[in-house]
Amino acid sequence: MQGDFDAVWTGGHLATMADESGYGVIENGAVAVKNGLIAWVGRAADMPGRAAGTHDLRGRWLTPGLIDCHTHLVYAGSRVREFEMRLEGATYEEIARAGGGILSTMRATREATEDELLDLAHARAEKLIAGGVTTVEIKSGYGLDLDSELKMLRVARTLGEERGIEVVTTFLGAHAVPPEHKDDRDAYVRLIIDQMLPAVAAEGLADAVDAFCESIAFTPAETRRIFKAATKLGLRVKLHADQLGDLGGGALAAELGALSADHLEHASEESVAAMGRAGVTAVLLPGAFYFLRETVAPPIALMRKHGVRMALATDCNAGTSPITSMPLILNMACTLFRMTPAEALAGVTRHGAAALGLLDTHGTLEVGKVADFAIWEVESPAEIAYAPGDNRCLATIKGGQPL
Ligand code: NIG
Ligand code: FE
């Protein structure tokens, strides 16, 4: 049957997330799709035209597909031994300084073949998709030499092509100083600037560049040099900032025109205000906060005060957040950070899109945007965040097609 639309979802309720605050609820709504894009959205009773296929929501809720805007999900190896060590009293920083942590995952990732990494990444992505994810950002940063970094980024791109989800890649060469440069860290910074960044840019393998700006990783001055070089190559930047201490990372992200500053537990009001003025999105990662048993939560009240958009993500990685469930992240954001369920849902839709520079095309149910949806067995959108460990996602739709 021919129709004005390829498909329509109707018979339920929509959380469009199209408003700056709240869910943008349309009860008894309908969303129509043509050529993979949203062609119409509104009250079902008002829908014009006919659709070739109709999907009955049976009273359920439909939201934009979720956007996991900060992950490290391409990696090999396990960090379960470090989990035990921390339970015996060691801290994340101590383990990192003793050559474990990121470097332990680096060793396993360097050794793994591209196919092995891809299989591992597929398994993690499958769990994200089951929780409503249609777009995922994936960082390199466990290769820490040119070939291994390129390998990670290729795996991330291939994952997206093979599974049909949208993958946004980020080059995170500045994640840790690898052992071969431990006595000359400046040589590694120069390697990033002179060789890695140009290669990554030339091969089109990264959509953005990130750095871990922290006392156990890279200084603000090193970060500035790397980000200036990235910007010269036309790449956007984003920053792991103020997670373990306040190095002024939020303000640095604002100064350098970053898309986002991520973690931010220790960000000062000065940093938050600078982010507000510069329009830098905060990416909050309650999974890492929980898993490391941090006690200082990010300054949510200051972010509200200074109008900083708050995105949420899994931070999926072996060391600090082995989590592949966005509904769990929503719950943690509410429970641990006292965000409202509406703020949390905005954090994984419209603000997740903003953190990736994709808000024009993703993150809300609006005409002209990609037809990426998640369908939920809930009585109200707040229930998506309600029960820790529950997954109420019934279906994940990408470009109008079930994933
Ligand atoms: O976002 N903070 C740096 N990167 C990751 C952790 C990496 C690791 O420990 O493997 C994070 O928490
Ligand atoms: Fe991270």
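As the structure lists them, so they are numbered: ligands from 1, and atoms in each ligand from 1. Along the sequence shown, the residues carry numbers beginning at 1.
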of all protein heavy atoms, closest to atom 5 (C) of ligand 1 is H72 NE2, 3.6 Å

Is the positively charged end of R225 above the ring of F218, judged by distance under 6.0 angstrom from the centroid and angle within 45° of the axis? no

Short N-O contact, E94 and R97, less than 4.0 angstrom: no

Contact between ligand 1 and Y75 is defined here as a heavy atom of the residue under 4.0 Å from a ligand atom; is it met? no

Any atoms of ligand 1 less than 4.0 Å from a non-hydrogen atom of Y92? List them with their elements. 6 (C), 7 (C), 8 (C), 9 (O)

Looking only at the side chains, is there a donor atom on one of E214 and H263 sitting less than 3.5 Å from an acceptor on the other? no

Going through the checks in order, is the side chain to side chain contact (heavy atoms under 4.5 Å, CB included) test met by L244 and E294? CA-CA 9 Å; L244 307 169; E294 297 290 353; 3.7 Å; yes

Mark up the atoms of ligand 1 that fall under 4.0 Å of a heavy atom belonging to F212, in ascending order. 2 (N), 3 (C)

Under a 4.0 Å threshold between the charged nitrogen and the carboxylate oxygen, would R110 count as salt-bridged to E180? yes

Sub-4.0 Å atoms of ligand 1 with respect to non-hydrogen atoms of Y142: 7 (C), 8 (C), 10 (O)

Ligand-residue contact atoms, ligand 1 with Q243, heavy atoms, under 4.0 Å: 2 (N), 12 (O)

pair M303-L264: side-chain heavy atoms closer than 4.5 Å: yes

Give a yes-or-no answer on whether the side chains of T113 and D115 include a donor-acceptor pair shorter than 3.5 Å. no

When you compare ligand 1 with D315, is there at least one nitrogen or oxygen pair between them that comes in under 3.5 angstrom? yes

Answer yes when R81 and E88 have at least one side-chain N-carboxylate O distance shorter than 4.0 Å, and no when they do not. yes

Non-hydrogen atoms of E214 versus ligand 1: any pair closer than 4.0 Å? no

Check the side chains of H351 and E343 for a donor-acceptor pair under 3.5 angstrom, ignoring hydrogens and angles. no

Which atoms of ligand 1 are found less than 4.0 Å from any heavy atom of R79? 8 (C), 9 (O), 10 (O)

Sub-4.0 Å atoms of ligand 1 with respect to non-hydrogen atoms of H70: 1 (O)

Distance criterion under 2.8 Å: protein N/O/S atoms around the Fe ion (ligand 2): 4

Going by the atom numbers of ligand 1, which of them fall below 4.0 Å from some non-hydrogen atom of T320? 6 (C), 9 (O), 11 (C), 12 (O)

Run the salt-bridge test on E377 and R60 with the 4.0 Å N-O cut-off and return the result as yes or no. yes

Quick test of your reading of the model: are D186 and R190 salt-bridged, counting only N-O distances below 4.0 Å? yes

Pull out every atom of ligand 1 sitting under 4.0 Å from any heavy atom of H175, numbered as shown with elements. 3 (C), 4 (N), 5 (C), 7 (C)

Please work out which of the three classes, parallel, tilted or perpendicular, describes the rings of H240 and H70, given edges at 30° and 60°. perpendicular

